[in-house]
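Following: one structure in C-alpha cells, then a few remarks.
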Amino acid sequence: EMTFEGRTPDNLIGISARIIGYCVQKKWLASNTLVIWNFIGLGFLLNIMTVAVLCLPTPFRQFFESVPNEFVLHFPFNLIPAVLVMMALFLHVLSIRTLLRKAR
C-alpha cells in the first residue's frame with residue numbers, strides 16, 4: 001500500500017514540484033494554478049497519512065495484504081511522520097495562505 005505501486009499518488013506532487021517551480025520562475029503559471037496544485041498536494045498528503053495509519057499494527061488495521069507498517073515506530077524512521085509530514089503540511093498551508101493573500 002505504501003509503495004510506488006500502491007496507494008501513494010503523493011509522489012507525483014514531489015516529482016512535479018521542480019517543474020512547477022520552474023514554471024513559476026518563468027511566470028508561465030497563474031497563482032490560481034499554484035493554489036490548486038497545493039490543495040491537490042494537501043489531499044495527497046491526507047491520503048497517505050490515512051493509508052499509513054490504517055497499515056499500523058493496531059486493532060483498526062485495514063490493509064492486511066502486506067507487512068504491517070512497523071518501521072515508523074522506530075528511530076530514525078519515526079522522524080518521517082513527526083518531522084517531514086508535518087513540514088509538508090505546514091509548507092502547503094503556508095503557500096496557500098501566501099498565494100491567497102497576494103491575490104487580494
Same apolar cluster (I L V M F W Y, side chains within < 4.5 Å links), L29/I19: no
Nearest 0.5 Å, please: how far is CG in L79 from CE in M86? 12.5 Å
Taking only residues two or more places apart in sequence, or in another chain, which ones meet T98 in a side-chain hydrogen bond (donor to acceptor under 3.5 Å, both in side chains)? none
Each residue besides Y22 in its hydrophobic cluster should be listed here, by chain and number; the cluster joins Ile, Leu, Val, Met, Phe, Trp and Tyr at side-chain heavy-atom distances under 4.5 Å. W28
Side chain to side chain contact (heavy atoms under 4.5 Å, CB included) partners for V93, two or more places apart: L42, L89
Can you pull the side chain to side chain donor-acceptor pair (under 3.5 Å) pairs that have at least one residue in residues 82-95, sequence neighbours excluded? N38-H92, N38-S95
side-chain hydrogen bond (donor to acceptor under 3.5 Å, both in side chains) against S16, all qualifying residues, sequence neighbours excluded: W37
Shortest non-hydrogen contact from L99 toward S31: CD2-CB, 4.1 Å
Residues passing the side chain to side chain contact (heavy atoms under 4.5 Å, CB included) test with I40, sequence neighbours excluded, are I13, I36, F44
Return the CG to CG distance between L34 and L100, rounded to the nearest 0.5 Å. 11.0 Å
Shared hydrophobic cluster, V85 / L46 (ILVMFWY, side-chain heavy atoms < 4.5 Å): no
